[in-house]
Amino acid sequence: MIKTAILLATEHMSILREEDVVPFRYRVKECAAGIKMGLVNQTYLITAASELARNMLKYADGGIVLIETIERDGETGIRLMFKDQGPGIEDVGLALKDGFSTGGSLGVGLPGAKRLVNEFEIASEPGKGTSVTIIRWANG
Amino acid sequence: MERIPILRMGQFLLVTIQIDLYDRLALDLAADLVKTASKTGARGILIDISAVDIVDSFMGRILSNIGAMAKLIAAETVVVGMQPAVAITLVELGLPLNGIHTALNVEKGMALLRSKIAGIAGETDPNND
Ligand SMILES: Nc1ncnc2c1ncn2[C@@H]1O[C@H](COP(=O)(O)OP(=O)(O)OP(=O)(O)O)[C@@H](O)[C@H]1O
Ligand SMILES: [Mg+2]
């Protein structure tokens with residue numbers, strides 16, 4: 001369970017079509033640069049964000065992302081919450097395994113995104129949707 | 001419609017990716033490259049991604065696909081100028097860039113292509129890396 005944090009800024013973006021992915025990544029990068037996150041961590045974060053946004057498009061016809069700047073224990077970070085109302089994931093543990101894909105793809109998105117961030121939480125209910133929350137700390 | 005220009009340099013083709021590729025553009029580029037390579041008989045493709053600050057699984061797949069398609073028409077693909085942060089991220093993401101070579105810059109990429117072509121022409125010569 002992700003611990004609570006102080007919210008410094010929040011905004012949201014809809015990811016409804018492929019063209020939304022690039023401006024979304026760009027905005028996340030701006031927010032990360034705004035808290036002086038280093039370049040490698042920024043790249044980790046936007047790559048994870050891109051994977052999760054693409055999953056929402058591919059499997060759930062899109063969704064919404066909350067982009068938040070947070071503070072916890074003196075650390076600032078970016079928290080992204082992806083929410084969709086797609087079909088959900090039946091076996092989340094399986095979906096997080098490298099190489100697992102129901103889309104005939106490489107299956108790197110979820111496990112890769114998890115490796116690229118400091119905190120990762122996924123909740124999914126078949127028939128209702130999926131939500132994924134990630135945090136990357138500026139100096140994490 | 002927006003398209004990424006393909007430059008012909010002798011027996012090689014060079015594309016410089018300056019903008020964030022969205023999916024349609026990336027797919028068009030792959031198709032254009034392979035068409036141009038087969039039309040011109042190009043033996044190598046250089047893709048300069050020094051201006052690209054993110055390669056996700058989609059983009060990685062496009063690059064691998066270009067490499068695989070180019071192989072079918074006997075051309076090799078080299079991705080040049082990958083930013084260090086992007087390279088580190090790709091490793092952590094766990095994305096294999098199959099079917100393509102990488103080089104630090106365009107000059108080194110051209111040298112690599114020349115050695116590959118020479119290697120193929122020599123046939124009996126084992127790889128000398
Ligand atoms: N938002 C989502 N809604 C429903 N199912 C999802 C969602 N995200 C992921 N999944 C399921 O989890 C699986 C694994 O996702 P992951 O991103 O790791 O791989 P992929 O998208 O199939 O392949 P890649 O990301 O390598 O192109 C998917 O194949 C899909 O079945
Ligand atoms: Mg995916």
Side-chain angles (χ1 to χ4, degrees), chain A residues 15-30 32-33 37-59 62 80 82 96-101 103-118 120 134 136 140, chain B residues 1-4 15-31 47-69 71 77 79-100 102 104:
Chain A
I15 310 285
L16 299 175
R17 56 194 86 77
E18 186 214 298
E19 298 90 274
D20 296 333
V21 177
V22 169
F24 162 63
R25 283 194 318 227
Y26 192 77
R27 184 64 194 134
V28 172
K29 197 176 167 75
E30 276 181 341
M37 189 181 287
L39 183 61
V40 172
N41 282 350
Q42 277 185 37
T43 309
Y44 280 179
L45 178 66
I46 56 171
T47 306
S50 189
E51 294 298 334
L52 297 173
R54 285 190 189 288
N55 277 354
M56 277 199 324
L57 282 173
K58 187 167 172 182
Y59 301 106
L80 304 176
F82 298 78
L96 278 166
K97 286 223 163 77
D98 275 300
F100 177 83
S101 175
S105 200
L106 288 174
V108 304
L110 281 180
K114 188 174 179 184
R115 282 190 290 271
L116 292 172
V117 296
N118 299 119
F120 181 99
I134 59 175
R136 183 86 228 182
Chain B
M1 209 173 83
E2 200 175 8
R3 275 201 133 81
I4 297 171
V15 286
T16 304
I17 297 174
Q18 305 271 21
I19 51 164
D20 256 320
L21 285 185
Y22 53 90
D23 307 16
R24 184 73 250 156
L25 196 60
L27 294 171
D28 285 347
L29 172 65
I47 305 173
D48 184 350
I49 62 163
S50 52
V52 171
D53 56 15
I54 173 176
V55 174
D56 63 1
S57 64
F58 171 81
M59 178 72 179
R61 206 148 37 233
I62 293 287
L63 294 174
S64 288
N65 283 349
I66 291 173
M69 290 195 283
K71 275 234 165 69
T77 304
V79 168
V80 302
M82 187 186 291
Q83 291 175 18
V86 172
I88 296 167
T89 303
L90 273 182
V91 172
E92 205 59 27
L93 183 63
L95 188 72
L97 285 187
N98 293 323
I100 55 168
T102 52
L104 278 183

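Every chain is numbered from 1 and lettered A, B, ... according to where its sequence line falls, protein lines coming before strand lines.
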Can you find a pair of side-chain heavy atoms, one from [X] and one from [Y], that are under 4.5 Å apart?
{"X": "B/I47", "Y": "B/I100", "answer": "no"}
{"X": "A/L45", "Y": "A/L80", "answer": "yes"}
{"X": "A/L110", "Y": "A/F100", "answer": "no"}

With a 4.5 angstrom heavy-atom cut-off, which part of [X] approaches chain B: side chain, backbone, both or neither?
{"X": "A/R115", "result": "both"}
{"X": "A/K29", "result": "side chain"}
{"X": "A/A48", "result": "neither"}
{"X": "A/E19", "result": "neither"}
{"X": "A/V40", "result": "both"}

*asked:* For B/R61, give me all partners under side chain to side chain donor-acceptor pair (under 3.5 Å), at least two apart in sequence or on another chain.
replied: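 Side chain to side chain donor-acceptor pair (under 3.5 Å) list for B/R61, sorted by chain: A/S105.
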
*asked:* Tell me if a side-chain donor or acceptor on A/Q42 pairs with a main-chain N or O of A/M37 at a distance below 3.5 Å.
replied: yes

*Donor-acceptor contact present, side-chain A/T43 to main-chain A/L39, <3.5 Å*: yes

*Residues in residues 79-88 of chain B that sit under 4.5 Å from chain A, counting heavy atoms only*: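 Residues in range: B/A85, B/V86, B/I88.
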
*Does the pair A/E51/A/R54 count as a salt bridge with the N-to-O cut at 4.0 Å?*
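A/R54 and A/E51: not salt-bridged.
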
*asked:* I need the A/I15 CD1 to A/N55 CG distance, nearest 0.5 Å.
replied: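 A/I15 CD1 to A/N55 CG: 12.0 Å, rounded to 0.5 Å.
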
